[in-house]
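The structure under discussion appears below in the form of structure tokens.
Computed from heavy atoms alone, side chains included, the values below leave out hydrogens, waters and symmetry copies. In what follows, chains are A, B, ... by sequence order, proteins preceding strands, each numbered from 1.
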Protein chains: 2
Amino acid sequence: MLFSDLQHEDFDRIHHPIDDIEYGPGSHIYMQGDAMPFVYTIRSGLVKLSQHLPNGDTRIVRLLRQGDLAGLESLNGQPSEYEAITLDHVRVCRIPHSVIESLRRDTPRLHDALMKRWQKALSSADSWITRLTTGNSKTRVARLLMLLDNNSEDDSFFLPTREDMGAMLGVTTESVSKVTAEFTRNNWLRPLAQHRAWIDSEALEENFE
Amino acid sequence: MLFSDLQHEDFDRIHHPIDDIEYGPGSHIYMQGDAMPFVYTIRSGLVKLSQHLPNGDTRIVRLLRQGDLAGLESLNGQPSEYEAITLDHVRVCRIPHSVIESLRRDTPRLHDALMKRWQKALSSADSWITRLTTGNSKTRVARLLMLLDNNSEDDSFFLPTREDMGAMLGVTTESVSKVTAEFTRNNWLRPLAQHRAWIDSEALEENFE
DNA sequence: TGCCAGCATTGAAATTTTTCAATGTGATTA
DNA sequence: TAATCACATTGAAAAATTTCAATGCTGGCA
């Protein structure tokens, strides 16, 4: 939670509604171009942040999960450059900008917490570039699976559709499918029920550092 | 400049050395793994921020130019995940973390300035993903050339080596070369002396939105 | 001035990825 | 239970990209 760093007294200053909201899979939290008076912290589930190109291509630029902040970009009042769509069941906490602003003035701890979030988002964006858009398609799929696996608390993890995986890696749906099918044949990937899956991390790591 | 938002009185509080430094082309400002007690603002020139993968591949994740901040990542005290290398002649202003910290406490304006920088870096990282790692190699090269052109104050702009362009786009040196050579034959790209070049933006835009 | 070193360009063959068109498969619903 | 829908998988051919090996070009240096 964004506010985990704050003391209780800080919360008492909040006189604006902070809502907990739940979304089913595939829901739009916000769209590209939306005015954004809120920031969202993800309490559980996975959210894809994507951008559309003028030519109609869509690219997923980041996955947000528990503890991540969505809508940071728009703290400046600009409309969102992204759309945020849930992949599975998602719970968020919706915080009005006004709350952030007033807390920002009074509590240095929030400042620091916000800084840390920026930092995390940036470093995630960069490692996305280095790890998920470099190498051939097998390597990219392997790295994505390991990232999803790492992100998960669980032994299993959420396996997106091949189309979404393609949009994350910059390759076609079919190419992703060919690779995941091969991994499955090798027993490196075991798709389970409900869009979840398990991987043999050692084997993948060994073959695709 | 980072401090352009600050009033003069704020500067008087600074009792630490802030140095202006100049680098020739190809100089290392800092390396991956370096402890980083500084933040750098770029006063002029172009800097590449890159990351190495364990397998030896290198990927350029961002270009920094006038007004950008390098070393933001390490405000938390962690060693740098990046290396920053100059492409041309570069002037930077090197600011100790301690200065940032003490200003941060006292001057809300600096806070805001820093936030804006984070925001800019993040949005740049994301559009890097969407625009520079999507589409075929001609499209990517075209987009990179337009980005370099936009960045430049000048009518001409700095044209990196084919190898660096490849590391930005996730394609091989030779592939980039084939594309730039073709663009040159079409008169869409005109390489000039001293690593500089000119493009026919209309023609490129038309062919590669 | 001429030579060198370091890029850049080119070509052909190998490989990878995309494209396009079927064909599976599993979960949900009638 | 059967029908249906949304994805996933597969295969073959086309297209794009990489690889590898030469060959050009140019600016700096002896």
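The closest donor-acceptor contact from the side chain of T130(A) to the backbone of D126(A) lies under 3.5 Å. Within the 3.5 Å criterion, the main-chain N or O of R91(A) finds no donor-acceptor partner in the side chain of R43(A).
Rounded to whole Å, the distance from CG on D164(A) to P on dC7(D) is 10 Å. A straight line from CD of E163(A) to C1' of dC5(D) spans 15 Å, rounded to a whole angstrom. For the pair H195(A) NE2 and dT25(C) P, the interatomic distance rounds to 18 Å; values are reported in whole Å. Atoms CG (L87(A)) and P (dC7(D)) sit 13 Å apart, rounded to a whole Å. Regarding L159(A), its CG atom lies at a distance of 15 Å from the P atom of dG26(C), rounded to whole Å. Between the P atom of dC7(C) and the CD atom of Q194(B) lies a distance of 15 Å, rounded to the nearest Å.
For the residue pair T180(B) / S177(B), no side-chain donor-acceptor distance below 3.5 Å is found, with atom types taken as modelled. No hydrogens or angles considered: nothing links the side chains of T173(A) and R162(A) as a donor-acceptor pair under 3.5 Å. A donor and an acceptor atom, one from each side chain of T139(B) and N136(B), are located under 3.5 Å apart.
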Show me the protein contacts with nucleotides 10-17 of chain C, counting only N or O atoms at under 3.5 Å.
unit_1  : atom_1 : unit_2  : atom_2 : d
dT10(C) : OP1    : R185(B) : NH1    : 3.0
dT10(C) : OP2    : R185(B) : NH1    : 2.9
dG11(C) : O6     : K178(B) : NZ     : 3.4
dA12(C) : N6     : K178(B) : NZ     : 3.1
dT17(C) : OP1    : S137(A) : N      : 2.8
dT17(C) : OP2    : S137(A) : OG     : 2.8

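In this pair, W188(B) and F208(B) present their aromatic rings perpendicular. The plane angle is above 60°, beyond the 30 to 60° band.
Residue T173(B) is out of contact with every strand shown, counting any heavy-atom pair closer than 4.0 Å.
For the pair R162(B) and dA8(C), the criterion of a side-chain N or O lying under 4.0 Å from OP1 or OP2 is met.
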